[in-house]
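All remarks here apply to the structure that follows.
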Amino acid sequence: MTTNPVKNNLWPRRAFLAMGASLPWALYFSQSPSAAAANAIPVGLEMYSVRDALGKDPAGTVRAIAAMGYEGLEFYAPYFVWSEAQAKDMRKLLDELKIRCFSTHNDSDYFSGDKLQHAQEVNLILGSKYMVMASSHAKPGLDGWRQVADTLNAAAEKLEPRGLKVGYHNHQPEFTLTDGVRPMEILAKNTKPSVMLQLDVGTCIESGTDPVAWIKAHPGRIRSMHCKDWSPEAAKKYSVLFGEGVADWKALFQAAENGGGIEYYLLEQEGSRFPELETAQKCLQRFRAARQG
C-alpha cells in the first residue's frame, strides 16, 4: 500500500524550526529587494537533488525547500505512484507554502496509454505546467529518436487541450553523434514548437556541446534549464556545487533570457561533499549571487 506523501512522516515541529534557524540567509533572499529583482524568473529545485530526504519525509522536505527560498520545484518520476488524493494533499501543502510545482520528470512509458492518463491527472492536480520526458530509451539509430519525437507529439496533442504541455530533458546520449547527427537535433526538428527542450547544462557540456550555442540555435524552445554544473576533473565531475564547475552561467543566463524563452530555472545536484539539504541551500545561495552579479 502506498503511503501518503504529505501526511506520513511529517517532520517534528522542533526539527523544522531548528533547520529554519540554521538558514538565516533564506529569509534574506526572500525579503531582499535586490534578490527579488534578480529573481524575476523564478528558480526551483529538481527534487532528485534531495531524493533520500524526499523518500523518507516528503512533506518535511518540501517545507525545508520552501524555507530556503526556492519558489518552485520539479518532482521526479516516483511521484507517479501517488493517488489523486495524495496529489491533492501535496497540492494543499504547496499552496500553504506558496511554492509551485513547475513541472515533473517522467519515464518514457508515462507518455501513452493508461499511464499517460494517470500522469495527466496528477500533474493537473499539482498545478504542473510541463510533463517532461526525463529519458527516452530510444531504439538504436536515428529512426529510434524519430519515434521518440512522434511519442512526444502524440502526447502533446492529448495534453495541451487540458492546459498541460510536454517537454524533453537531455542527458549525454542526446548530444552524442549517432550516424553523424546529434539525436537532440532530431528531437528539436521533429517535435512541435510547443514541446519544451529542457536543457541539462552539465550533461550538455560533458558531451562536448556548447550549451549557449544550443540555446541560441533554438529560440523559444529552452523554457526551463537544469542548472547543474560539471567539472572535467575526474575526482569532481558532477559533485561540484553550482558555480564551481566550468559552465559559463553569465552567458547561459543571457542567452536563455534573450531569445531562449526561459520561464523558470531549476537547480539540480547529483550529490556533493555536503548532505543533500545543505547542498540545496548552498546551490541556491550561489545561484542568487550569480544572478545578482
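Throughout, residue positions are numbered sequentially from 1 according to the sequence presented.
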Inset, instruction - Go through the steps for His218 and Met184 under the test side-chain contact (heavy atoms from CB on, under 4.5 Å), then give the verdict. - result: CA-CA 11 Å; His218 298 86; Met184 203 62 196; over 6 Å; no
Legend entry - Derivation of the side-chain contact (heavy atoms from CB on, under 4.5 Å) call for Ile222 and Trp214: CA-CA 9 Å; Ile222 317 299; Trp214 173 257; 3.7 Å; yes
Legend entry - Stepwise side-chain contact (heavy atoms from CB on, under 4.5 Å) check, Arg288 with Val43: CA-CA 9 Å; Arg288 296 287 198 208; Val43 57; 3.3 Å; yes
Legend entry - Residue pair Phe75, His105: steps toward the side-chain contact (heavy atoms from CB on, under 4.5 Å) verdict: CA-CA 6 Å; Phe75 286 115; His105 260 204; over 6 Å; no
Inset, instruction - Might you work through the side chain to side chain donor-acceptor pair (under 3.5 Å) test for Gln281 and Gln285, ending with a clear yes or no? - result: CA-CA 6 Å; Gln281 78 171 47; Gln285 186 176 23; 5.6 Å; no
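Listed here is the closest heavy atom pair of Pro161 and Ala156: CD-O, 4.2 Å. Of all heavy-atom pairs spanning Glu185 and Val181, the tightest one is CB-CG1, 4.4 Å. When all heavy atoms of Thr178 and Leu142 are compared, the closest pair comes out as O-CD2, 3.4 Å. Nearest heavy-atom pair, Met68 versus Leu284, reported as atom, atom and distance to 0.1 Å: O-CD2, 3.5 Å. Minimum heavy-atom separation, Phe111 to Val132: CZ-C, 3.7 Å. Across all their heavy atoms, Ser83 and Gln86 have their closest contact at N-OE1, 2.8 Å.
With contacts defined as side-chain heavy-atom distances shorter than 4.5 Å, the pair Leu54/Tyr48 does not qualify. A 4.5 Å side-chain heavy-atom check between Leu45 and Gln269 finds every atom pair outside the cut-off. Here the side chains of Trp82 and Asp89 are not in contact, with every heavy-atom distance at 4.5 Å or above. In this structure, Leu116 and Leu159 have side chains that are in contact, with non-hydrogen atoms separated by less than 4.5 Å.
If you take CZ on Arg100 and CG on Leu126, they are separated by 12.5 Å, rounding to the nearest 0.5 Å. To the nearest 0.5 angstrom, Glu270 atom CD is 7.0 Å from Arg51 atom CZ. One finds the CG atom of Leu187 at 6.5 Å from the CG atom of Leu152 (value rounded to the nearest 0.5 Å). Distance check: Arg63 CZ to Leu94 CG gives 10.5 Å after rounding to the nearest 0.5 Å. Here Thr151 contributes atom OG1 and Tyr168 contributes atom OH; the two are 10.5 Å apart, rounded to the nearest 0.5 Å. Atom CG in Leu124 sits 5.5 Å away from atom CG in Leu164 (nearest 0.5 Å).
Listed by chain and number, the residues in a side chain to side chain donor-acceptor pair (under 3.5 Å) with Asp200 are His169, Thr203, Lys228 (sequence neighbours excluded). In terms of the side chain to side chain donor-acceptor pair (under 3.5 Å) criterion, Arg286 has no residue partners (sequence neighbours excluded). Residues meeting the side-chain contact (heavy atoms from CB on, under 4.5 Å) test with Asp107, sequence neighbours left out: Ala77, Asp109, Tyr110. Applying the side-chain contact (heavy atoms from CB on, under 4.5 Å) rule to Ile125 yields the partners Glu84, Ala87, Lys88, Arg91; only residues at least two apart in sequence or on another chain are considered. Partners of Thr209 according to the side-chain contact (heavy atoms from CB on, under 4.5 Å) rule, which considers only residues two or more places apart in sequence or in another chain, are Phe175, Arg182, Cys204, Ser207. Asp210 meets the side-chain contact (heavy atoms from CB on, under 4.5 Å) test with Val212, Ala213; sequence neighbours excluded. For Ser272, the side chain to side chain donor-acceptor pair (under 3.5 Å) criterion is met by Thr279, not counting sequence neighbours. Taking the side chain to side chain donor-acceptor pair (under 3.5 Å) definition, one finds that Arg221 meets it with Thr191, sequence neighbours left out. Residues forming a salt bridge (Lys or Arg N to Asp or Glu O under 4.0 Å) with Arg146 (at least two apart in sequence, or on another chain): Asp143.
Within the 3.5 Å criterion, the main-chain N or O of Ala155 finds no donor-acceptor partner in the side chain of Glu160. Glu276 places a side-chain N or O within 3.5 Å of a backbone atom of Asp52 that can act as its donor or acceptor partner. Remark: side-chain polar atoms of Glu233 are not paired, donor with acceptor, to backbone N or O of Ala235 under 3.5 angstrom. Remark: side-chain polar atoms of Arg223 are paired, donor with acceptor, to backbone N or O of Ser194 under 3.5 angstrom. Between the side chain of Thr61 and the main chain of Ala53, a donor-acceptor pair closer than 3.5 Å is present.
Follow the hydrophobic side-chain contacts under 4.5 Å out from Val240 and you never reach Trp230; the two are in separate clusters. Met196 is not connected to Met225 by any chain of hydrophobic side-chain contacts under 4.5 Å among Ile, Leu, Val, Met, Phe, Trp and Tyr, and they are in different clusters. When the side chains of ILVMFWY residues are joined at heavy-atom separations under 4.5 Å, either directly or via intervening members, Met90 and Phe102 end up in two distinct hydrophobic clusters. No path of Ile, Leu, Val, Met, Phe, Trp and Tyr side chains, each step under 4.5 Å between heavy atoms, connects Val201 with Tyr264, placing them in separate hydrophobic clusters. Tracing side-chain contacts under 4.5 Å through hydrophobic residues (I, L, V, M, F, W, Y), one reaches Val81 starting from Met131; they form part of the same cluster.
Other cluster members for Phe274: Leu241, joined by side-chain heavy-atom distances under 4.5 Å among Ile, Leu, Val, Met, Phe, Trp and Tyr.
Salt bridge Lys282/Glu278: present, at least one basic N to carboxylate O contact under 4.0 Å. A salt bridge between Lys236 and Glu244 is absent, with no side-chain N of the basic residue lying under 4.0 Å from a carboxylate O of the acidic one.
In this model, a donor atom of one side chain and an acceptor atom of the other lie less than 3.5 Å apart for Tyr238 and Glu206.
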May I have the list of side-chain donor-acceptor pairs in residues 248-263 shorter than 3.5 Å, sequence neighbours left out?
{"from": "Asp248", "atom 1": "OD1", "to": "Ala251", "atom 2": "N", "distance (Å)": "3.2"}
{"from": "Trp249", "atom 1": "NE1", "to": "Asp229", "atom 2": "OD2", "distance (Å)": "2.9"}
{"from": "Glu257", "atom 1": "OE2", "to": "Tyr265", "atom 2": "OH", "distance (Å)": "2.5"}
{"from": "Glu257", "atom 1": "OE2", "to": "Arg291", "atom 2": "NH1", "distance (Å)": "2.9"}
{"from": "Glu257", "atom 1": "OE2", "to": "Arg291", "atom 2": "NH2", "distance (Å)": "3.2"}
{"from": "Asn258", "atom 1": "ND2", "to": "Gln254", "atom 2": "O", "distance (Å)": "2.8"}
{"from": "Glu263", "atom 1": "OE1", "to": "Lys129", "atom 2": "NZ", "distance (Å)": "3.2"}
{"from": "Glu263", "atom 1": "OE1", "to": "Tyr130", "atom 2": "OH", "distance (Å)": "3.1"}
{"from": "Glu263", "atom 1": "OE2", "to": "Tyr130", "atom 2": "OH", "distance (Å)": "3.2"}

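A side-chain hydrogen bond (donor to acceptor under 3.5 Å, both in side chains) with Glu74 is found for exactly one of Ser103, Ser49, Ser128, namely Ser103.
Within a 6.0 Å radius of NZ in Lys192, more than 12 heavy atoms belonging to other residues, nucleotides or ligands are found.
Under the salt bridge (charged side-chain N to carboxylate O under 4.0 Å, His left out) criterion, no residue pair touches residues 167-177, with sequence neighbours excluded.
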